[in-house]
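Here is the structure we will look at.
The chain is numbered in sequence order, starting from 1. Because the structure is predicted, anything quoted here is derived from the model rather than measured.
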Amino acid sequence: MKKYLSVLLAALMILTLMVGCGGGNGGSSTPPADSNSPAPGGDAPDGPKVWKVANVVNGNLGDKSFFDSCEAGLKKLQDDGLITYKTFELGATDADQPKWVSTIDELSADGEYDIIVCGTYQMDAYLDECAAKYPDQKYFIYDAEVAQPNVASITFKQNDLGYLVGTAAALMTSSDMDKINPEKVIGFVGGEDGPVINDFLTGFIQGAQAADPEVKIDTQYVGNFFDTGKGKEIANVMANNKCDVIWGVAGGAGNGAAEAAAEHDIWFIGVDSDQEATFSASQPQMAAVTIFSGLKNCGDGIIYMVDQLNAGTIQWGKTTQLGIAEGGVGLTSGGNFQKLPDNIKKALDDVAPKVTSGEIKVDTAFDESFDIKGLRDSVRP
């Protein structure tokens with residue numbers, strides 16, 4: 001009997017040791033974490049990584065422009081099964097800015113998200129400080145640069161985009177198109193008088209002047225990216241001063257310029273997203289006067305970074321810049337764009353590859369030696 005008990009106890013001890021070894025993981029049923037392991041509950045051990053993403057918006061969705069473009073890119077990534085994400089809308093006013101800082105800090109401290117995404121040059125200083133404080137957290141920033149080893153930055157050649165838009169706008173105001181008056185005046189409604197918006201403007205002025213040196217450009221700034229009333233007020237003044245084509249580069253505030261364009265029956269050019277399409281559902285009168293949009297594909301930029309992340313080629317601590325050739329910037333080509341005369345379409349087809357190749361050199365407002373004020377003042381009506 002004792003012999004049988006000894007055999008049974010030995011068998012139980014062997015079984016206990018086998019269970020305790022847990023396949024070589026030191027008794028733990030959870031594999032050791034690493035930077036490429038799936039998020040808890042994300043996917044199967046052998047499946048692709050599903051990244052958990054926090055989208056921090058220092059403004060609000062519904063701008064039909066910049067933030068909506070990023071949101072669309074994240075939604076596509078989620079629909080494709082590559083990420084799950086949550087968006088945090090924090091407001092765009094000066095009073096909201098403390099929330100921008102505290103939210104990024106809290107999300108970083110929690111460590112719940114693989115990647116925290118934010119955008120705009122209004123956020124770079126905040127993110128720089130936060131990324132240094134939480135070196136194990138990974139971040140994406142779009143439309144700005146942060147030189148921290150846990151941040152991947154992506155920017156866009158909006159000056160090249162501006163050149164294309166300026167070419168079309170100048171040729172439009174010099175044409176016999178519908179809604180065009182005899183005066184050669186076009187308008188630029190900017191958000192803030194800063195490097196990114198002025199980079200758009202630099203290309204816009206240079207493209208317009210190259211297409212028709214007689215064209216004048218009226219440039220005004222809202223002072224923010226949310227005040228649609230101020231955007232409309234500025235565009236009203238432009239329209240009353242014989243401006244017949246206005247480019248709104250002011251985020252949500254630019255929608256006020258589109259409203260003014262519709263009321264004055266002049267042409268509006270959208271920015272960042274296809275604004276003719278976004279206006280069409282609830283604001284058809286604004287869609288009707290949006291001739292095309294200059295695209296700054298923030299959403300595609302986020303998709304690009306996630307693709308690089310999955311390929312293992314993402315450049316942490318560095319900046320990737322996307323231009324016309326990479327699809328980072330460009331023009332919508334459907335809808336009202338088809339109302340452009342053939343000579344304008346041909347001009348755009350001619351200049352785009354020259355800008356991409358560098359045959360046409362477009363200056364940038366990020367060059368501290370470049371005199372954007374002098375350029376701006378030299379072409380005022």
Side-chain contact test, heavy atoms from C-beta onward, threshold under 4.5 Å: evaluate it for [X] versus [Y] and give yes or no.
X    : Y    : answer
I186 : M172 : no
I104 : M123 : yes
W51  : L309 : yes
K232 : E263 : yes
L82  : V50  : no
N297 : L322 : no
C70  : Y142 : yes
L201 : T219 : yes

Joint cluster assignment, [X] & [Y], ILVMFWY side-chain distance < 4.5 Å:
X    : Y    : answer
V355 : F292 : yes
W316 : V146 : no
I115 : L107 : no
F188 : V271 : yes
F67  : L127 : no

When rounded to the nearest 0.5 angstrom, what distance separates [atom1] in [X] from [atom2] in [Y]?
X    : Y    : atom1 : atom2 : value
N336 : I291 : CG    : CD1   : 5.0 Å
Q78  : K86  : CD    : NZ    : 12.5 Å
D63  : L61  : CG    : CG    : 7.5 Å
L171 : I344 : CG    : CD1   : 5.0 Å
I180 : W267 : CD1   : CH2   : 8.0 Å

Donor-acceptor under 3.5 Å ([X] side chain, [Y] main chain):
X    : Y    : result
Q137 : A131 : no
D212 : A170 : no
Q315 : A152 : no
D105 : V101 : no
D128 : D124 : no
N159 : D363 : yes
K242 : P182 : no
N181 : E183 : yes
Q220 : G190 : no

Problem - Criterion side chain to side chain contact (heavy atoms under 4.5 Å, CB included) against V249, the qualifying member of I197, D272, V165 - result: I197
Handout entry: D160: which of V351, T364, V362 passes side chain to side chain contact (heavy atoms under 4.5 Å, CB included)
Key = V362
Exercise for the section: Let me see the working for V117 and V56 under side-chain contact (heavy atoms from CB on, under 4.5 Å), right down to the final yes or no. Expected result: CA-CA 6 Å; V117 175; V56 177; over 6 Å; no
Problem - Distance-minimising heavy-atom pair for A277 and S280 - result: O-OG, 2.6 Å
Exercise for the section: Kindly give the heavy-atom pair with the smallest separation between A260 and N236, and that separation in Å. Expected result: CB-OD1, 3.4 Å
Note: [X]-[Y] ion pair, threshold 4.0 Å (strictly below):
X    : Y    : answer
K179 : D265 : yes
D114 : K138 : no
D79  : K75  : yes
K339 : D178 : no
K216 : D218 : no
D350 : K354 : no
E326 : K157 : no
D80  : K76  : yes
D377 : R380 : yes

Return yes if a side-chain donor-acceptor contact under 3.5 Å exists between [X] and [Y], otherwise no.
X    : Y    : value
Y163 : Q158 : no
D96  : T93  : yes
E71  : T87  : yes
Y126 : Q97  : yes
T319 : E145 : yes
T173 : D244 : yes

Exercise for the section: Would you list the pairs meeting ring pair (Phe, Tyr, Trp, His ring centres under 6.0 Å) in which at least one residue belongs to residues 83-103, sequence neighbours left out? Expected result: none
Practice task
Just say parallel, tilted or perpendicular for the rings of F225 and Y121, cut-offs at 30° and 60°.
Solution key: perpendicular
Practice task
Name all residues meeting the ring pair (Phe, Tyr, Trp, His ring centres under 6.0 Å) criterion together with F200; count only those two or more places apart in sequence or in a different chain, and write none if there are none.
Solution key: W247
Handout entry: Pairing residues for D193 by the side-chain contact (heavy atoms from CB on, under 4.5 Å) criterion, not counting sequence neighbours
Key = N198, Y221, R376
Completion exercise
Residue set satisfying side-chain contact (heavy atoms from CB on, under 4.5 Å) with S273, at least two apart, ordered chain then number -> S69
Completion exercise
Excluding L295, membership of its hydrophobic cluster (Ile, Leu, Val, Met, Phe, Trp, Tyr; side-chain heavy atoms within less than 4.5 Å) reads none
Exercise for the section: Under the side-chain contact (heavy atoms from CB on, under 4.5 Å) rule, what do L348 and L331 come out as? Steps first, then yes or no, please. Expected result: CA-CA 10 Å; L348 290 170; L331 306 181; 3.8 Å; yes
Exercise for the section: Test F140 against I154 for side-chain contact (heavy atoms from CB on, under 4.5 Å), laying out the working first. Expected result: CA-CA 8 Å; F140 290 166; I154 192 160; over 6 Å; no
Handout entry: V53 and I116: CA distance, side-chain angles, deciding distance, side-chain contact (heavy atoms from CB on, under 4.5 Å) verdict
Key = CA-CA 6 Å; V53 177; I116 298 173; over 6 Å; no
Handout entry: Charged tip of K296 within 45° of F156 ring normal and under 6.0 Å
Key = no
Completion exercise
N150 meets the side-chain hydrogen bond (donor to acceptor under 3.5 Å, both in side chains) criterion, sequence neighbours left out, with none
Problem - Partner of Q275 under side chain to side chain donor-acceptor pair (under 3.5 Å), chosen from N255, T332, D68 - result: N255
